[in-house]
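Notes to accompany the following structure.
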Amino acid sequence: MKNLSLALTATLLALTLAVGCAKQPIRTTTIADTAPQVSFKVADAAGLELVVDGVSYGDLAQYTYPERAVQLVPGQHLIIVRQGEQVVYQESRYFSEATQSTITINE
């Protein structure tokens with residue numbers, strides 16, 4: 001009887017240790033997005049195109065304030081908004097990390 005009690009105690013101890021050690025610590029690593037964001041306030045974005053540093057970003061309506069913004073790399077950028085071949089807005093501006101800028105055009 002003593003051997004059975006000792007065996008049962010040893011089994012319970014082994015199960016307790018096995019269950020207690022089953023969960024391993026979890027490490028989660030995230031990277032913060034610190035890219036500057038630029039959005040545009042404009043009365044009518046129809047037909048306007050956004051060009052940043054000579055690269056077309058498409059219709060300006062995609063980046064209207066407050067719902068949407070374009071992300072850029074930190075640094076100096078030439079922002080051009082044009083309607084067809086006509087330049088409606090042009091500015092060279094420095095955008096630093098983790099900033100949100102709003103550019104107002106024709107309001």
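- Remark: the Gln100 side chain and the Ser39 side chain contain no N/O donor-acceptor pair separated by less than 3.5 Å.
- With Gln90 as the fixed residue, the side chain to side chain contact (heavy atoms under 4.5 Å, CB included) test singles out one of Leu78, Val51, Ile79, Val81: Leu78.
- The 12-atom threshold is exceeded at OH of Tyr89, counting heavy atoms of other residues, nucleotides or ligands nearer than 6.0 Å.
- Annotation: salt bridge (Lys or Arg N to Asp or Glu O under 4.0 Å) contacts of Arg68 (sequence neighbours excluded): none.
- Residues satisfying the side chain to side chain contact (heavy atoms under 4.5 Å, CB included) criterion with Gln76, sequence neighbours excluded, are Ser92, Tyr94.
- Side-chain N or O atoms of Asp59 include none that pairs as donor or acceptor with a backbone N or O of Ala61 at under 3.5 Å.
- In the hydrophobic clustering of ILVMFWY residues, with side-chain heavy atoms under 4.5 Å counting as a link, Ile103 and Val88 come out together.
- Two residues are said to be in side-chain contact when any heavy atoms from C-beta on lie closer than 4.5 Å; His77 and Pro36 fail this criterion.
- Side-chain contact check for Tyr65 versus Phe40: every heavy-atom pair is 4.5 Å or farther apart.
- No continuous path of hydrophobic side-chain contacts links Val87 to Leu50 [ILVMFWY only; heavy atoms under 4.5 Å].
- For the residue pair Pro74 and Glu97, the shortest heavy atom distance occurs at CG-CG, 3.4 Å.
- For residues 29-38, every residue pair satisfying the side-chain hydrogen bond (donor to acceptor under 3.5 Å, both in side chains) rule, not counting sequence neighbours, is listed here: Asp33-Gln71.
- A 4.5 Å side-chain heavy-atom check between Val38 and Phe95 finds at least one atom pair inside the cut-off.
- Cluster annotation: Val73 and Ile80 are assigned to distinct hydrophobic clusters (Ile/Leu/Val/Met/Phe/Trp/Tyr, side-chain heavy-atom contacts under 4.5 Å, transitive).
- When all heavy atoms of Tyr57 and Tyr63 are compared, the closest pair comes out as O-OH, 2.9 Å.
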